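Below: one structure, written as structure tokens.
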Amino acid sequence: MTNGDWRNDRIGSAHRGENPTVLRRLDQGFAVIGDRQFLPGYAVLLTDDPSVTRLSDLPRARRLAYLGDMERLAEAVERACRRLDPAFRRVNIEILGNTDPYLHAHIWPRYDWEPADRVRMPVWLYGDEYMRGSRYGPGPRHDGLRAAIGEELDRSAQAQAEAETEAEVEAETEAEVEADADA
């Protein structure tokens with residue numbers, strides 16, 4: 001690892017199993033818990049290829065798969081946060097790319113308990129004390145939240161696999177019916 005810190009190679013360390021923020025491996029990336037948890041449940045979808053710097057770098061099929069992963073992570077964050085905090089209000093999804101040189105999407109949960117002057121504004125207006133300070137780093141107090149998001153990701157993967165199996169069976173049945181009709 002670069003300089004002995006996984007943060008200097010977030011994607012490579014995720015591939016090597018050395019990135020402690022990884023929640024799950026998805027089709028086109030890694031679902032990770034965000035570095036700052038002033039809005040509990042903040043997560044990021046990292047691309048699995050560090051050479052990809054923007055969404056348009058991906059061929060269409062991979063781009064759609066990445067966006068599907070992003071939607072899946074956002075829904076998992078939404079379900080987990082709603083279950084754990086009755087003041088959960090919504091998620092905001094952003095692909096910015098202004099700081100880190102690789103494709104990634106921010107999934108920000110928003111809450112009714114946020115200060116009135118910030119709750120309707122972009123998260124980035126919270127300021128450095130929230131974005132950079134160690135006070136809001138993920139830790140053991142976030143283990144339940146991490147587990148809940150992971151469980152929701154697992155549920156969605158299972159539901160997707162079941163739907164794909166059902167579609168395959170349906171297609172086979174239709175093919176058999178057509179073959180019988182042609183015979």
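All heavy atoms count here, side chains included; hydrogens, waters and symmetry mates do not. The structure presented is a predicted model; accordingly, all values stated were derived computationally and were not measured. Residue numbers count from 1 along this sequence.
- In this structure, the separation between CD on Gln37 and CZ on Arg135 is 14.0 Å, given to the nearest 0.5 Å.
- Distance alone, capped at 3.5 Å, places no donor-acceptor pair between the Asp5 side chain and the Asn8 backbone.
- For the residue pair Leu26 and Ala31, the shortest heavy atom distance occurs at CD1-CB, 4.0 Å.
- In this structure, Arg36 fails the cation-pi test against Tyr136, since its NZ or CZ atom is not both closer than 6.0 Å to the six-membered ring centre and inside 45 degrees of the ring normal.
- If you check the side chains of Asp49 and Ser51, you find a donor sitting under 3.5 Å from an acceptor.
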Residue pair Leu55, Leu103: steps toward the side chain to side chain contact (heavy atoms under 4.5 Å, CB included) verdict: CA-CA 7 Å; Leu55 192 58; Leu103 177 62; 4.2 Å; yes
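- Residues Trp6 and Arg16 fail the side-chain proximity criterion, which asks for heavy atoms closer than 4.5 Å.
- Side-chain contact between Cys81 and Leu84 is absent, with no heavy-atom pair separated by less than 4.5 Å.
- Between Arg83 and Glu152 there is a salt bridge, since a side-chain N of the basic residue sits under 4.0 Å from a carboxylate O of the acidic one.
- Minimum heavy-atom separation, Thr21 to Asp35: CG2-OD1, 4.3 Å.
- Cluster annotation: Ile33 and Met131 are assigned to the same hydrophobic cluster (Ile/Leu/Val/Met/Phe/Trp/Tyr, side-chain heavy-atom contacts under 4.5 Å, transitive).
- Side-chain N or O atoms of His106 include none that pairs as donor or acceptor with a backbone N or O of Ala43 at under 3.5 Å.
- Centroid-to-centroid, the aromatic rings of Tyr130 and Trp124 stay 6.0 Å apart or farther.
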Residue pair Phe88, Trp113: steps toward the ring-ring contact (aromatic ring centres under 6.0 Å, His included) verdict: CA-CA 8 Å; Phe88 171 79; Trp113 49 253; over 10 Å; no
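- Leu46 approaches His104 most closely through the heavy-atom pair CD2-CB, 4.1 Å.
- Taken to the nearest 0.5 Å, the CD atom of Glu114 stands 4.5 Å off from the CG atom of Leu39.
- The closest side-chain heavy-atom distance from Leu73 to Met70 is not below 4.5 Å.
- Remark: the backbone N or O of Glu164 is not paired with any side-chain donor or acceptor of Gln160 at under 3.5 angstrom.
- Annotation: Arg60, atom CZ; neighbour count of heavy atoms from other residues, nucleotides and ligands within 6.0 Å does not exceed 12.
- Within a 6.0 Å radius of CD in Glu129, other residues, nucleotides and ligands contribute more than 12 heavy atoms.
- Taking 4.0 Å as the cut-off between side-chain N and carboxylate O, Arg63 and Asp57 do not count as a salt-bridged pair.
- Residues Val52 and Tyr102 have side chains not in contact (no heavy-atom distance under 4.5 Å, counting atoms from C-beta outward).
- The two residues Arg72 and Ser156 have their closest heavy-atom pair at NE-OG, 2.7 Å.
- The backbone N or O of Leu45 lies less than 3.5 Å from a partner atom in the side chain of Tyr66, making a donor-acceptor pair.
- Between Ile93 and Ala74, the shortest heavy-atom distance links the atoms CD1-CB, 3.6 Å.
- Contact between Gly137 and His142 at its shortest, heavy atoms only, is O-CE1, 3.6 Å.
- Taking 4.5 Å as the limit, every side-chain heavy atom of Pro138 sits out of range of all side-chain heavy atoms of Tyr42.
- Contact check for Ile11 versus Thr47: side-chain heavy atoms found under the 4.5 Å cut-off.
- A distance of 13.0 Å separates CZ of Arg89 from CZ of Arg82, quoted to the nearest 0.5 Å.
- In this structure, Leu125 and Arg118 have side chains that are not in contact, with every pair of non-hydrogen atoms separated by 4.5 Å or more.
- Side-chain contact between Asp117 and Met121 is absent, with no heavy-atom pair separated by less than 4.5 Å.
- The cluster map of Ile, Leu, Val, Met, Phe, Trp and Tyr, joined by side-chain heavy atoms under 4.5 Å apart, puts Ile95 and Val91 in the same cluster.
- When atom types are taken as modelled, the side chain of Arg110 and the backbone of Val119 share a donor-acceptor pair closer than 3.5 angstrom.
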Full working for side chain to side chain contact (heavy atoms under 4.5 Å, CB included) between Arg25 and Phe30: CA-CA 5 Å; Arg25 174 69 160 103; Phe30 297 94; 3.1 Å; yes
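- The neighbour count for Arg155 CZ, taken as heavy atoms of other residues, nucleotides or ligands under 6.0 Å away, is above 12.
- Salt bridge status for Asp69 with Arg62: absent, with no side-chain N to carboxylate O gap under 4.0 Å.
- Residues Asn19 and Arg10 bring no donor and acceptor atom of their side chains to less than 3.5 Å of each other.
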